[in-house]
Amino acid sequence: MASETYSHGHHRSVVDAHAARTAQDCAAYLLPELTSGMSVLDVGCGPGSITADFAALVAPGPVVGLDSSEDVLVSARSRAAGRGLANASFTAGNVYDLDFPDETFDIVHAHQVLQHLMDPVAALREMRRVARPGGLVAVRDADFSGMIWHPPTPELAQWMAVYQEIARGNSAEPDAGRHLLGWALEAGFTDIAPSSSNWLYAAPEERRRHADSWSERVLHSAFAEQAQERGLADRQLLERLAAGWKEWAAAPDGWFLIPCGELLLRA
């Protein structure tokens, strides 16, 4: 992960949005598999909110959150400590070269990670290496081209086009959700349980929160930096995109659906 260009970056607006995620709304497909005493590796854990939920669910089993950014791990450690989760630890690392022996973990989990990688198949193989026989590799990723919004705000269509260019310019796959099954087969998995779930932003507070995050991100995060550096947008366009997000959120019938692909892969 350290050698990858992370399309979202670690601006406060990005980290805050990720910190609001929970195991229930991001890993419901995996939760029935978790039991007390299991060991879990959470790859690409970011600020660690999902990791902390895992730690609470499998305690006293050890849970390790791994991310390429030391800065974001400070937030993750603080969050786990604040919840009194002594079984959670966090370390910097690279998904292509995990610093763990073979067959270490019962569960190896990655949420919204494979879409940002240049070689997701290699990452899946490495995740499988550190999973115990009979254990699980669990992955979930969004599919950007499958996102649906209403009203049909032109600025959101422009935002999507720019994001696709940024991600693909980083040799990543923003439509990862539809590719998960193919990647898993290429990585050598044969026992595969596919599923899908959505994030929906339609209630007024949900719309406001989603729009506030993205209006900030298009102006100040790695999205803005990469878009301008690569000639995909100037400041004027970015300001229009931010205003478009606010306009969408103000619509009483505003609707934004994010489809996600999910896989439970038996090691």
Side-chain angles (χ1 to χ4, degrees), residues 6-8 10-36 38 40-59 63-67 72 75-76 78-80 82-83 85 88 90 107-116 136-150 163 174-178 180 193-217 221 245 248-249 254-265:
Y6 181 33
S7 300
H8 290 181
H10 292 97
H11 185 265
R12 176 184 53 81
S13 57
V14 177
V15 175
D16 287 351
H18 292 176
R21 293 172 174 173
T22 68
Q24 185 60 51
D25 67 20
C26 297
Y29 72 108
L30 173 60
L31 296 188
E33 305 290 338
L34 300 181
T35 58
S36 176
M38 278 186 165
V40 180
L41 173 64
D42 190 16
V43 176
C45 66
S49 56
I50 298 173
T51 322
D53 284 348
F54 287 160
L57 290 167
V58 304
V63 176
V64 179
L66 180 142
D67 202 274
V72 79
S75 173
S78 176
R79 177 168 288 99
R83 292 179 60 176
L85 297 168
F90 297 88
I107 305 287
V108 183
H109 170 265
H111 183 257
Q112 309 299 340
V113 172
L114 297 183
Q115 64 182 280
H116 298 294
L136 287 172
V137 174
V139 293
R140 181 175 189 258
D141 272 275
D143 190 313
F144 272 72
S145 289
M147 293 180 185
I148 300 169
W149 58 85
H150 180 82
Y163 182 81
D175 302 338
R178 70 188 68 184
L180 292 181
S195 59
S196 66
S197 61
N198 302 321
W199 280 318
L200 175 64
Y201 302 92
E205 180 57 27
E206 293 169 345
R207 293 200 311 270
R208 184 198 63 77
R209 186 171 62 249
H210 192 51
D212 284 353
S213 175
W214 268 108
S215 61
E216 180 83 356
R217 289 159 75 167
S221 74
W245 273 105
W248 166 78
W255 179 280
F256 200 105
L257 183 77
I258 302 177
C260 293
E262 306 159 342
L263 298 178
L264 289 177
L265 307 167

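For the atom pair OG (S196) and CZ (R178), the distance works out to 12.5 Å, reported to the nearest 0.5 Å. The line from CG of L136 to CD1 of I107 is 4.5 Å long, rounded to the nearest 0.5 Å. With rounding to the nearest 0.5 angstrom, the CG atom of L57 is 10.0 Å from the OG atom of S36.
Taking each heavy atom of H116 and Q112 in turn, the nearest pair found is CD2-O, 3.3 Å. Of all heavy-atom pairs spanning A19 and R79, the tightest one is CB-NH2, 3.4 Å. In terms of heavy atoms, C260 sits closest to N198 at N-OD1, 4.4 Å. Nearest heavy-atom pair across D141 and A176 is CB-CB, 3.8 Å. Heavy-atom minimum distance, D67 versus G44: OD2-C, 3.4 Å.
Counting heavy atoms from C-beta outward, Q115 and F144 have side chains that approach closer than 4.5 Å. Side-chain contact between M147 and L257 is absent, with no heavy-atom pair separated by less than 4.5 Å. No side-chain heavy atom of V139 sits less than 4.5 Å from a side-chain heavy atom of V113. V43 has its side chain within reach of V108: a pair of non-hydrogen atoms, C-beta onward, lies under 4.5 Å apart. Counting heavy atoms from C-beta outward, F90 and T51 have side chains that approach closer than 4.5 Å.
Listed by chain and residue number, I192, L263 satisfy the side chain to side chain contact (heavy atoms under 4.5 Å, CB included) test with P194 (two or more places apart in sequence, or in another chain). Scanning for side chain to side chain contact (heavy atoms under 4.5 Å, CB included) contacts around S213 gives A17, R217, with sequence neighbours left out. A search for ring pair (Phe, Tyr, Trp, His ring centres under 6.0 Å) contacts involving W255 returns nothing, not counting sequence neighbours. Residues satisfying the salt bridge (Lys or Arg N to Asp or Glu O under 4.0 Å) test with R12, not counting sequence neighbours, are D16, E216. D212 pairs by the side-chain hydrogen bond (donor to acceptor under 3.5 Å, both in side chains) definition with R208, K246, not counting sequence neighbours. With sequence neighbours left out, H18 forms a ring pair (Phe, Tyr, Trp, His ring centres under 6.0 Å) with no residue at all. Remark: D53 pairs with R83 by the salt bridge (Lys or Arg N to Asp or Glu O under 4.0 Å) rule, at least two apart or across chains. Under the side chain to side chain contact (heavy atoms under 4.5 Å, CB included) criterion, A28 pairs with Q24, not counting sequence neighbours. Residues passing the salt bridge (Lys or Arg N to Asp or Glu O under 4.0 Å) test with R140 are E262, sequence neighbours excluded. For A27, the side chain to side chain contact (heavy atoms under 4.5 Å, CB included) criterion is met by Y29, L30, F54, H109, not counting sequence neighbours. S221 is linked by a side-chain hydrogen bond (donor to acceptor under 3.5 Å, both in side chains) to nothing, counting only residues two or more places apart in sequence or in another chain. Under the rule for a salt bridge (Lys or Arg N to Asp or Glu O under 4.0 Å), the partners of D175 that lie at least two apart in sequence or sit in another chain are R168.
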Query raised in the report: Under the side chain to side chain contact (heavy atoms under 4.5 Å, CB included) criterion, do W199 and D25 qualify, and how do the steps go?
Result: CA-CA 8 Å; W199 280 318; D25 67 20; 4.3 Å; yes

Requested in this report: Walk me through it: do Y201 and I258 pass the test side chain to side chain contact (heavy atoms under 4.5 Å, CB included)?
Outcome: CA-CA 9 Å; Y201 302 92; I258 302 177; 3.8 Å; yes

Query raised in the report: Please walk me through it: do H111 and I50 pass side chain to side chain contact (heavy atoms under 4.5 Å, CB included)?
Result: CA-CA 9 Å; H111 183 257; I50 298 173; 3.9 Å; yes

Report task. Check step by step if side chain to side chain contact (heavy atoms under 4.5 Å, CB included) holds for V58 and T35. Result -> CA-CA 5 Å; V58 304; T35 58; over 6 Å; no

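Ring geometry for H210 versus W248: interplanar angle over 60°, hence perpendicular rather than tilted (30 to 60°).
Judged purely by atom type and a 3.5 angstrom limit, D143 has no side-chain atom pairing as donor or acceptor with the backbone of P259. A donor-acceptor pair under 3.5 Å is formed between the side chain of S49 and the backbone N or O of R21.
Ring centroid separation for the pair H11 and W214 does not come in under the 6.0 Å cut-off.
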